[in-house]
Amino acid sequence: MISFSISQIHTISLRIFIHVQERRNHSGVDFVLLAEEDGCSLSRVSPLITHITLKNLFLKNGLSMLFWSVLVLQSHMSAESVKTFLTPSGLFPAAAQRDSWERLIATNGNVWIANAETYLAEPLPRWSDDLYLEYSRTGERNIFGQFRSARDRRLYRLFLGELAEHKGRFISGLEEVIGSMLVEPSWLFPAHDGDLKAFKGEIRQIDLGSAMRSFDLAMAVDVFAEELNPDLVSAVHREIRRRTLEPYLEVVSASELPNWFWWMKTTNNWNAVCHFGVIGSGLIIERDPKVRAQLLKGMQTYLPSYLNGFGADGYCSEGLGYWNYGFAQYTALAELVRRSTDGAIDLLDDPGIESIALYPFRLKLSGHTYPIFSDASLGVRPFDWLAAYLSRRFTALKPYVEDVDGAIANGGHISLLCFGFSQTASTVTRAPNALVDPLRSVFSDGGVVVSRAGDAGTRTAVALKAGHNEEHHNHNDVGSFVIAIDGASLIIDPGKEIYRKRTFGPDRYESKVLSSFGHSVPVVGGALQSVGSAYRGEILETEFSDAKDRVLVDISKAYAVDSLKVLKRDLVHSREGEGSILITDTVEFSEEMSFSEVLITFGEF
């Protein structure tokens, strides 16, 4: 940190110079009724619907039918597609259908078997109420988190091992871990059950943990339905309905959402992840077309809010880590729904989705280096298996994926099950402007500019963020920048802290990692940046050419300092030679104040 004092109404520029020397085309929307009245057969239900009211559906042939559920479907859906949806087949082949699995297990089958053997030789971690209650007592999240992860991994490893070998050697272990999960008092993460109402059985709540647990169990007993004890399979279905599907359907039909179902309208990753677990598990285990239609009606109502959290340019304010988490589940759900409805509902068939899919490739600095804005882990990169599937759907992503089948096979159980059978998915081709500019990316909605080296031998890359201080998984980081040289980070954003009770509470910015203290931004008059959307940066000027990029940002509004009159950050990235980066901060006060510059790095100067 460099500190000095500035006299009244004086302007000063601090120059930081880093130079590398040595080193949907629907003309309206149709609705399809998924019900029968007075013995009306499916063959009489025309897909050409001309009018709909809240109580009656009118078809061209004059037939009027009272409906109990309406689902928005693709225009002019064929009668055969309606039948396919009303009489669903399994989403996944049974494990005994070896021909269906051979291609997918060829790459990693031996590894899966070896991993399963390791877990089979170890005792199952046993449930303890004390582990769950630790968070409510101390705010400690990681003790239960490690226990939960160990049980989840055991389920995944035994599932994949038996899938690869299919000799029954891992079935007893699989039954043991599944049975133990069924008797857990709560499938929630304790941090999402702070008042313990779910643990005590006072409410039926859904969170990230319970939604994903529902999907994992539904998947396991569906693929191994012939091998597992039928009573266990029935018990799994019963618990998923009780803990997940029934409360979701109750809320969907209610006049307003309870507070603990806030995630259904949120614009962050919770919406996508929870909907994936709920709808995915429902499509796997439910054969009743009424229930399936009601689930999809809820999805169609509430899932679009998730997409509203992205900028029109695809920018994800949660950062790349939560793009991986949330958009992976959204994409996996899209594939399951597409297969379940015979292509009638395709959540990816929307022009705005491609920009979201391209986000990490436009964010990239160089190599496998990405700026870590918001909560993310150091070294984060887009999931290879997610990019592989998306490259099947969007031609703009094809240049960034080499081994599609291999990436999907290496991606774990969700990638394998959701994307491994998707070769028939339609490819969407967009206009050339969807491609990634090799020199730079500008995310106007997020206030982020990424300036890359290009192909001229330049070794430097930089990203600068304006934005504001009330984003999803927000850090107080208006004006922060990250620099990479030869694909390695030099000036960094430290990413997320180890999650604890304060992380998502009113004391969040006591953290020196999440506050502006942990970012390469000034300390003004001893003050750090303030919290809230009013505390923001503004990109004032940009100049772009093959030789250099320049960005001028006003960051004065990020500080609640009355005497601060001007604070501008001017960044110039030159691609001449091996590259250089010049950052100039200009500051003006109405009275004498201290001013400190900060650089965050793991490197040495």
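His519 has its ring centre no less than 6.0 Å from the ring centre of Phe373. Annotation: Tyr135 is not in aromatic contact with Phe189 [ring centroid separation under 6.0 Å not met].
For Arg213, the side chain to side chain donor-acceptor pair (under 3.5 Å) criterion is met by Asp152, Glu184, not counting sequence neighbours. With sequence neighbours excluded, the residues forming a ring pair (Phe, Tyr, Trp, His ring centres under 6.0 Å) with Phe383 are Trp385, listed by chain and number. When the side chain to side chain donor-acceptor pair (under 3.5 Å) test is applied to Arg238, no partner is found at least two apart in sequence or on another chain. Remark: Ser281 engages no residue in a side chain to side chain donor-acceptor pair (under 3.5 Å) (not counting sequence neighbours). Scanning for ring pair (Phe, Tyr, Trp, His ring centres under 6.0 Å) contacts around His473 gives Tyr322, Phe504, with sequence neighbours left out. In this structure, the ring pair (Phe, Tyr, Trp, His ring centres under 6.0 Å) partners of Phe310, at least two apart in sequence or on a different chain, are Tyr306.
For the pair Ser210 and Ile206, the tightest heavy-atom approach, listed with the atom from each and the gap, is OG-CA, 3.4 Å.
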Requested in this report: Start with the C-alpha distance between Asn469 and Gln529, add both sets of side-chain angles, then the distance that settles side chain to side chain donor-acceptor pair (under 3.5 Å), and finish with yes or no.
Outcome: CA-CA 8 Å; Asn469 286 339; Gln529 293 186 5; 3.2 Å; yes
Requested in this report: Evaluate side chain to side chain donor-acceptor pair (under 3.5 Å) for Tyr302 paired with Asn271, printing each intermediate quantity in order.
Outcome: CA-CA 8 Å; Tyr302 293 106; Asn271 190 318; over 6 Å; no
Report task. Decide yes or no on side chain to side chain donor-acceptor pair (under 3.5 Å) for His472 and Thr267, but give the supporting numbers first. Result -> CA-CA 9 Å; His472 288 312; Thr267 57; 2.8 Å; yes
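The pair Glu246-Arg242 does not count as a salt bridge, with every side-chain nitrogen at least 4.0 angstrom from each carboxylate oxygen. Electrostatic pairing of Glu354 and Arg362 does not count as a salt bridge here, judged by no charged N lying under 4.0 Å from a carboxylate O.
Under a cut-off of 6.0 angstrom, the local environment of OH in Tyr535 is sparse, with at most 12 non-hydrogen atoms contributed by other residues, nucleotides or ligands. In Glu256, the CD atom is not crowded: 12 or fewer heavy atoms of neighbouring residues, nucleotides or ligands sit closer than 6.0 Å.
Using cut-offs of 30° and 60° for the angle between ring planes, the Trp263 and Tyr248 rings count as parallel.
One N or O on the side chain of Arg292 and one on the backbone of Leu283 form a donor-acceptor pair closer than 3.5 Å. Listed for the Glu134 side chain is no donor-acceptor partner under 3.5 Å among the backbone atoms of Glu140. With Ser253 contributing its side chain and Glu250 its backbone, the two residues share a donor-acceptor pair below 3.5 Å.
Checking Arg157 against Thr118 by side-chain atom types alone, no donor-acceptor pair falls below 3.5 Å.
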